[in-house]
Amino acid sequence: QVQLVESGGGLVQAGGSLRLSCAASGRTFSSFTMGWFRQAPGKEREFVGAIRGSGSRSYYADSVKDRFTISRDNAKNTVYLQMNSLKPEDTAVYYCAADTSGTGYSRSYYYTRLNIYDYWGQGTQVTVSS
């Protein structure tokens, strides 16, 4: 069983920054691919980014590329989402998710899919005011 707990959400003005954290339980955290997703009111949950277990590779949605950065500290069982140049359209509940299968997918497309992730956090609200 893996538990994920997000923190760091809040209210920020457009152009500002926030850093989200996701603390995970589990002794094999370094083998997990970790993803970040978000869900705005009335919309489907969407992929934000993902990072492989070693931290050597990361993937981003086009909408956040060059503004958001995912990193991880395997010694602390924690993954981070640094969000810069925030826009009102970034307002959403942000979720972290874990793919504990250890699978390395040949195409980055697979990391955007919700169904590869088997554990989810409870979410943290990010609100960006204009």
> Taking only residues at least two apart or on different chains, which pairs with a member in residues 110-130 satisfy ring-ring contact (aromatic ring centres under 6.0 Å, His included)?
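Residue pairs passing ring-ring contact (aromatic ring centres under 6.0 Å, His included), neighbours aside: F37-Y117, F37-W120, Y59-Y111, Y105-Y110, Y105-Y111.
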> Any donor and acceptor pair, going by atom type alone, linking the side chain of D99 with main-chain N or O of M34 inside 3.5 Å?
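Checked: no pair found.
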> With R72 as the cation and F29 as the aromatic partner, state whether NZ or CZ is under 6.0 Å from the six-membered ring centre and within 45° of the axis.
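Relative to the ring axis of F29, which defines the angle, R72 lies inside both limits.
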> Measure across V128 and T91 and return the closest heavy-atom pair with its distance rounded to 0.1 Å.
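Heavy-atom minimum between the residues: N-OG1, 2.9 Å.
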> Under the criterion side-chain hydrogen bond (donor to acceptor under 3.5 Å, both in side chains), I'd like the reasoning laid out for D118 against T100: C-alpha separation, chi angles, the key distance, then a yes or no.
CA-CA 7 Å; D118 42 355; T100 64; 2.6 Å; yes
> Please find the pair of heavy atoms, one from L81 and one from Y94, that lie closest to each other, and give the distance.
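Here L81 and Y94 meet closest at CD2-CD2, 4.0 Å.
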> Treat each ILVMFWY residue as a node, draw an edge where side-chain heavy atoms are under 4.5 Å apart, and state whether Y80 and V2 are in one component.
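Shared cluster, no.
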> Would you check if the side chain of S17 reaches a backbone N or O of N84 as a donor-acceptor pair within less than 3.5 Å?
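Not a single qualifying donor-acceptor pair exists.
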> First locate atom CG of D73, then atom OG of S30, and finally report the distance between them rounded to the nearest 0.5 Å.
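If I round to the nearest 0.5 Å, the distance is 11.5 Å.
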> Flag yes if more than 12 heavy atoms outside N115 fall under 6.0 Å of its CG atom; otherwise flag no.
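For N115, atom CG is crowded (more than 12 foreign heavy atoms under 6.0 Å).
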> To the closest 0.5 Å, what do you measure between CZ (R38) and CD (E44)?
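One gets 14.0 Å once the value is rounded to the nearest 0.5 Å.
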> Is there a salt bridge (charged side-chain N to carboxylate O under 4.0 Å, His left out) between D90 and K87 once you walk through the steps?
CA-CA 5 Å; D90 295 318; K87 305 175 181 180; over 6 Å; no
> For E6 and C96, indicate whether the former's side chain and the latter's backbone hold a donor-acceptor pair under 3.5 Å.
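A pair under 3.5 Å: yes.
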> Would R45 count as a cation-pi partner of Y95, with NZ or CZ less than 6.0 Å from the six-membered ring centre and within 45° of the ring normal?
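Checked: cation-pi criterion met.
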> Mind checking the OG1-CZ spacing from T69 to R19? Nearest 0.5 Å is all I need.
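Here the rounded value is 11.5 Å.
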> Looking just at side-chain N and O atoms, do T127 and Q125 make a donor-acceptor pair shorter than 3.5 Å?
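Side chains of T127 and Q125: pair found under 3.5 Å.
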> Decide yes or no for L20 and M83: does some side-chain heavy atom of the first lie under 4.5 Å from some side-chain heavy atom of the second?
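Yes; the side chains approach each other to less than 4.5 Å.
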> Which heavy atom in L18 sits nearest to a heavy atom in G8, and how many Å separate them?
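Distance-wise, the nearest heavy atoms are CD2-O, 3.8 Å.
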> Would F32 and V79 satisfy side chain to side chain contact (heavy atoms under 4.5 Å, CB included), going step by step from the backbone distance to the final call?
CA-CA 11 Å; F32 301 167; V79 63; over 6 Å; no
> How long is the straight-line distance from CZ of R67 back to CD of Q82, given to the nearest 0.5 Å?
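That separation rounds to 12.0 Å.
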> What I'd like to find out is whether the side chain of I70 reaches to under 4.5 Å of the side chain of W36, using heavy atoms alone.
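Answer yes - side chains close enough.
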> Please report the closest heavy-atom contact between A50 and T33, naming both atoms and the distance.
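Minimum heavy-atom contact is CB-CG2, 4.5 Å.
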> State, to 0.1 Å, how close L4 and A24 come at their nearest heavy-atom pair, and which atoms those are.
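Smallest interatomic distance, heavy atoms only, reads CD2-CB, 3.5 Å.
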> Identify the heavy atoms of A92 and A40 that sit nearest to each other, and give their distance.
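Smallest interatomic distance, heavy atoms only, reads CB-N, 3.8 Å.
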> Just how far is it from atom CZ of F47 to atom CG of L114, taken to the nearest 0.5 Å?
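Rounded to the nearest 0.5 Å, the CZ-CG separation comes to 10.0 Å.
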